[in-house]
Amino acid sequence: MRMLLAAMLALPVPAVAETPMTGPEFADRMTGKTLTFSANGQPYGVEYYAPSQRVIWSFLDGACIEGEWYAEDRAICFVYEGDPDPKCWKVYDADDGIRAEFLDDGGSAILYEVEDGEPLICDNMGS
């Protein structure tokens with residue numbers, strides 16, 4: 001996860017006045033979808049959004065990490081196995097998918113995400 005965060009912290013933050021998604025809006029938009037995450041046009045990860053606020057993440061290397069998400073103060077927070085520290089984002093609808101701003105003590109970073117029809121393949125989970 002550290003590599004993911006480092007890659008996203010290098011991205012610029014646009015000044016946009018929008019309302020972030022609520023937990024129910026995020027669940028409606030994401031449940032059952034597999035999304036590819038890209039920065040500067042290069043994919044670096046994929047995540048499946050399962051029912052009951054469960055997620056499965058991969059850095060496109062065949063290894064997957066399970067986790068869950070929850071809503072907190074108009075942010076969507078994720079916790080993953082092996083890393084109990086929440087990773088929180090403000091998530092917005094965008095023309096080409098969704099846009100998320102990473103929130104932490106050091107500021108925010110932007111992540112652009114595009115829907116992808118490819119299935120998530122996990123070598124370490126028997127999927």
Side-chain angles (χ1 to χ4, degrees):
M1 290 310 294
R2 294 183 204 285
M3 290 181 1
L4 170 66
L5 297 178
M8 291 183 289
L9 290 175
L11 300 173
V13 177
V16 177
E18 298 174 300
T19 303
M21 287 184 194
T22 64
E25 290 168 339
F26 184 80
D28 287 346
R29 177 82 156 83
M30 306 303 288
T31 301
K33 294 188 177 172
T34 301
L35 300 176
T36 298
F37 292 76
S38 299
N40 300 319
Q42 296 298 313
Y44 61 84
V46 64
E47 191 160 43
Y48 173 68
Y49 296 84
S52 301
Q53 297 179 212
R54 306 290 303 161
V55 294
I56 302 172
W57 167 264
S58 175
F59 280 107
L60 302 175
D61 60 1
C64 294
I65 302 168
E66 292 187 62
E68 61 185 39
W69 68 267
Y70 60 92
E72 183 175 288
D73 298 329
R74 294 295 282 201
I76 306 299
C77 299
F78 296 81
V79 290
Y80 295 91
E81 63 186 21
D83 185 1
D85 295 328
K87 311 300 184 264
C88 297
W89 305 81
K90 297 253 180 179
V91 182
Y92 305 89
D93 269 315
D95 292 339
D96 57 352
I98 66 167
R99 191 184 87 248
E101 296 177 10
F102 181 67
L103 308 176
D104 71 355
D105 292 333
S108 60
I110 300 299
L111 165 72
Y112 288 93
E113 171 184 358
V114 181
E115 291 188 36
D116 188 1
E118 297 296 317
L120 180 62
I121 299 171
C122 300
D123 296 337
N124 63 323
M125 301 177 89
S127 297

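For clarity, every value in this text was computed on a predicted model and none was experimentally measured.
- In this structure Pro86 satisfies the side chain to side chain contact (heavy atoms under 4.5 Å, CB included) test together with Tyr70, Cys77, Val79, Cys88, sequence neighbours excluded.
- Remark: Arg74 engages no residue in a side chain to side chain donor-acceptor pair (under 3.5 Å) (not counting sequence neighbours).
- Annotation for Ala71 and Ile76: closest pair CB-CD1, 4.2 Å, computed over non-hydrogen atoms.
- Applying the disulfide bond (SG atoms under 2.5 Å apart) test to every pair with at least one member in residues 45-76, sequence neighbours left out, gives these pairs: Cys64-Cys122.
- Checked against side chain to side chain donor-acceptor pair (under 3.5 Å), Gln53 has no partners two or more places apart in sequence or in another chain.
- Rounding to the nearest 0.5 angstrom, the gap separating the CD atom in Glu18 from the CD atom in Glu101 is 8.0 Å.
- When ring centroids are compared, Phe78 and Trp57 stay outside the 6.0 Å threshold.
- The distance from atom OG of Ser58 to atom CG of Asp123, rounded to the nearest 0.5 Å, is 8.5 Å.
- Sparse packing is recorded around CG of Asp73, with 12 or fewer heavy atoms of other residues, nucleotides or ligands lying under 6.0 Å away.
- The CZ atom of Phe26 sits 4.5 Å away from atom OH of Tyr49, with the distance rounded to the nearest 0.5 Å.
- Put simply, CZ on Arg54 and CH2 on Trp69 are 12.5 Å apart, with the number rounded to the nearest 0.5 Å.
- Applying side-chain contact (heavy atoms from CB on, under 4.5 Å) to Glu47 and the options Val55, Leu35, Leu120 leaves one that passes, Val55.
- Using a 4.5 Å heavy-atom cutoff, the side chains of Ile98 and Asp93 are in contact.
- Annotation for Ala75 and Leu103: closest pair CB-CD1, 4.1 Å, computed over non-hydrogen atoms.
- The minimum heavy-atom distance linking Thr36 with Pro43 is given by the pair CG2-CB, 3.6 Å.
- Considering CD1 of Ile121 and OG1 of Thr34, their distance stands at 10.5 Å, rounded to 0.5 Å.
- For Tyr48, there are no ring-ring contact (aromatic ring centres under 6.0 Å, His included) partners two or more places apart in sequence or in a different chain.
- Between the OH atom of Tyr92 and the CE atom of Met21 there is a distance of 10.5 Å, given to the nearest 0.5 Å.
- Applying the salt bridge (charged side-chain N to carboxylate O under 4.0 Å, His left out) criterion to Glu25, with sequence neighbours excluded, gives no partner residue.
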